[in-house]
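Accompanying notes for the structure given below.
Per chain, numbering begins at 1; letters A, B, ... match sequence-line order.
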2 protein chains.
Amino acid sequence: MLTERQLLILKAIVDDYITNAEPVGSRSVSKRDEVSYSPATIRNEMSDLEELGFLEKPHSSAGRIPSQKGYRYYVDHLLSPSELTKGEMSDIQTVLDSRFNEFEQLIKQSAKVLSSLTSYTSIVLGPEVFESTLKQIQLIPISNNQAVAIIVTDTGHVENQTVQFPGDLKGEELEKVVNILNEKLRGVPLVQLQEKLSAEISSLLKRYVNQYESMIQMLGDVFHTHQSGKVFYGGKTNILAQPEFNNVERVRNILNIFEEDNLVSKLFRSEDRGLTIKIGEENRFEPFDECTIITATYSLDGKHMGTVGILGPTRMEYPRVISIMDYLSKDMTKILTAWHQKK
Amino acid sequence: MLTERQLLILKAIVDDYITNAEPVGSRSVSKRDEVSYSPATIRNEMSDLEELGFLEKPHSSAGRIPSQKGYRYYVDHLLSPSELTKGEMSDIQTVLDSRFNEFEQLIKQSAKVLSSLTSYTSIVLGPEVFESTLKQIQLIPISNNQAVAIIVTDTGHVENQTVQFPGDLKGEELEKVVNILNEKLRGVPLVQLQEKLSAEISSLLKRYVNQYESMIQMLGDVFHTHQSGKVFYGGKTNILAQPEFNNVERVRNILNIFEEDNLVSKLFRSEDRGLTIKIGEENRFEPFDECTIITATYSLDGKHMGTVGILGPTRMEYPRVISIMDYLSKDMTKILTAWHQKK
DNA sequence: GTTAGCACTCTTCATCAGCGAGTGCTAAAT
DNA sequence: ATTTAGCACTCGCTGATGAAGAGTGCTAAC
């Protein structure tokens, strides 16, 4: 168990390092207002904290920097959540309050505010389909071999997509198909659409539609595409401004990850509801060994919808970011709910 | 006017520098097979070429590197276009031949091949709306205040978008609106939709629809969004692998540009049809002072559709990239045409 | 228990010499 | 008149050296 004084010093060191990005020496800790001990005393404590694994020395005559364990302890027990300033709150408010037509717009905006407020990179995962169910499906023919498929979920999310279309389908046939689909699939979770399709629908369609194979194929395409949620980014290059990423190789590794939405989606999707903080190797993904990821979830009617995330260096401004994320995710939930009810 | 020998040497230097990214000395030029002069002779010529502005010295005891003018001359008069290898051609073929439902898929694929073949960053501009006209517009109500707007162009391009919708609109009213729109706007270039809307349509709608203001607003939204073509990227981080961009600050400036599709769209949209090469400051955009942009256009029925572009260092593998771009853009045109006719 | 003092460690920065690559000039060779 | 060999010179790069500075860890005094 750490003593009061050790806590004080650990906190001071983390706070200092977070703002200055440089190893913290005993003297600068001692100079802090909240610390009233001499450098020598601090040195002894620092030595103990190092032995306990909370601090590290880059080399013998530098100051100390927090270890991953140190950050973890700081986050769990030490940090004093910072109040959002009026400006920050109103920034979030204005951006989110602006009228939006689509789910996606809200999400894009969120990603933008988040990155600009934190100056880290923000990742926002769009509605995750696991829990949402189909409310309505539509097929609108556009030319003689194209149609737009529209899917509406119970959460009010709309997806649309252009697809190849069996050439010579009569209007009444199409109507029949759409009717069947709506009848059989309404209320089905999106993730199960695919299997329902092959299990129940395909035989039914066979009876009514000539081109039934290409029809099935097309529907398969449609359902498949909506399996993975979309990913939105804010400030992709913000991370380059951090001194710890002053190295093109390392930066490239990280930026490359952003090119693969699937991967990002997997990495940032959080299983837990609420706020999650993963520090360094806790991410279990080597390129992020020196990064912290903070995620929060937003929801609708208590139903989990998606995740907002921040990627920054382990030396992250935890108090501020946590407050902002908390505020933002709750606000998104609120606005989403209001928006949904309006309909 | 340059002598034969000067041409030979200039070409040799550019070729060498392109592959090795290091200042080229007289000795290494002399060692080339196609060059049969001693280093001393080469040195004299190099000195002349420098005086003429085709070469530069990073410092007095380094070799020479091509100046912007040198690259320009090389591109205009010297380069021997490289034959595509079988592998490259089939790479392009396979990727583009794969079934695609939408315009966008073709374009995304193109961006991907292009960047992976060249290992530079590719930018592909989607259909530019300037020349395409409206073929059909549809409004599909989804909930009591949402609709999906679908726009089909004469080139077979489909765009769709979810929009806010005047709450209590009767089915017949909606139908009326859609009919008016189609009647009045068919054949109108997309860029003019907006003005046509306010000039002619709005008064007409006023007569038939109650919620006419919000209707107009919504249509304005829809038409506005489709003004600017979409931008697709491939290999955004490829540029980081180039030795001349081994500097986080510079890289950041460039990557930031990619975050603003509007800007990119402006920079890469080429006024000329066919292949265009802009070297360094010819781009008239400071962050690209050390970059070359090569663009080519693809079309449909002789009608200009969009642009494929490559961003790399001025030290670019011109012969290869040019061949690839040429081949790809022509192939895109071919496939697009085939696809369009199929319908 | 706390702190002052001090020797010790290690990085950083500037300086300097030596090396090597490359040039530019001159004089010789073709 | 060209071309080339030879050589002095330039300049960046590398590695060694040393002084400065920041910080530690230990000891002894408070």
Side-chain angles (χ1 to χ4, degrees), chain A residues 1-10 12-17 19-67 70 243-244 246-247, chain B residues 1-10 12-17 19-67 70 243-244 246-247:
Chain A
M1 197 41 205
L2 296 182
T3 67
E4 273 305 309
R5 195 166 66 189
Q6 283 174 324
L7 297 181
L8 182 69
I9 291 171
L10 178 54
I13 291 175
V14 178
D15 281 336
D16 188 307
Y17 188 63
T19 56
N20 299 319
E22 241 145 61
V24 186
S26 54
R27 225 174 82 86
S28 53
V29 174
S30 157
K31 269 191 293 197
R32 292 185 146 246
D33 286 346
E34 74 269 28
V35 178
S36 53
Y37 304 95
S38 77
T41 313
I42 310 275
R43 277 204 289 283
N44 291 328
E45 297 288 23
M46 282 165 94
S47 177
D48 291 352
L49 284 168
E50 185 181 356
E51 212 157 289
L52 292 167
F54 294 102
L55 295 179
E56 292 173 351
K57 269 194 294 203
H59 57 85
S60 83
S61 76
R64 304 296 208 296
I65 62 175
S67 67
E244 38 267 89
N246 204 344
N247 169 321
Chain B
M1 197 41 206
L2 297 182
T3 67
E4 274 304 309
R5 194 166 68 189
Q6 282 174 325
L7 297 182
L8 182 70
I9 291 172
L10 178 54
I13 291 175
V14 177
D15 281 336
D16 188 308
Y17 188 63
T19 56
N20 299 320
E22 243 149 59
V24 187
S26 54
R27 226 174 81 85
S28 54
V29 174
S30 156
K31 269 191 293 195
R32 291 184 148 246
D33 285 346
E34 74 269 26
V35 178
S36 54
Y37 304 95
S38 77
T41 312
I42 311 274
R43 276 204 290 283
N44 290 328
E45 297 287 24
M46 282 167 91
S47 177
D48 291 351
L49 284 168
E50 183 180 357
E51 212 159 287
L52 292 167
F54 294 102
L55 296 179
E56 293 174 349
K57 271 192 294 203
H59 59 85
S60 83
S61 77
R64 305 294 208 296
I65 62 175
S67 67
E244 39 266 88
N246 204 345
N247 169 322

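- Rounded to an integer number of Å, the gap from CD of B:Q6 to P of D:dT3 is 12 Å.
- Between the side chain of B:S30 and the backbone N or O of B:Y37, at least one donor-acceptor pair lies under 3.5 Å.
- Rounded to a whole Å, the CZ atom of B:R64 is 15 Å from the P atom of D:dG12.
- Listed for the A:S67 side chain is a donor-acceptor partner under 3.5 Å among the backbone atoms of A:G53.
- Comparing atom distances between the A:S60 side chain and each of C:dC10, C:dA21, D:dT3 picks out C:dC10 as nearest.
- Note: A:I42 CD1 to A:R64 CZ = 11.5 Å, rounded to the nearest 0.5 Å.
- Atom CD1 of B:I65 is separated from atom C1' of C:dT23 by 16 Å (rounded to the nearest Å).
- Rounded to whole Å, the distance from NZ on A:K57 to P on D:dG23 is 13 Å.
- We find the CE-CG distance between A:M46 and A:L10 to be 10.5 Å, quoted to the nearest 0.5 Å.
- With rounding to the nearest 0.5 angstrom, the CD1 atom of A:I9 is 10.5 Å from the CD atom of A:E34.
- For the atom pair B:Q6 CD and B:L49 CG, the distance stands at 5.0 Å (nearest 0.5 Å).
- In this structure, CG on A:D48 lies 11.5 Å from CZ on A:F54, to the nearest 0.5 angstrom.
- Note: CG (B:L55) to P (C:dG24) measures 11 Å, nearest angstrom.
- In this structure, the separation between CD1 on B:I65 and CD on B:E50 is 10.0 Å, given to the nearest 0.5 Å.
- Contacts with DNA chain C (heavy atom under 4.0 Å) in residues 21-32 of chain A: none are found.
- Only A:Y37, A:S38, A:A40, A:T41, A:R43, A:N44, listed by number, bring a heavy atom of residues 34-50 of chain A to less than 4.0 angstrom from any atom of DNA chain C.
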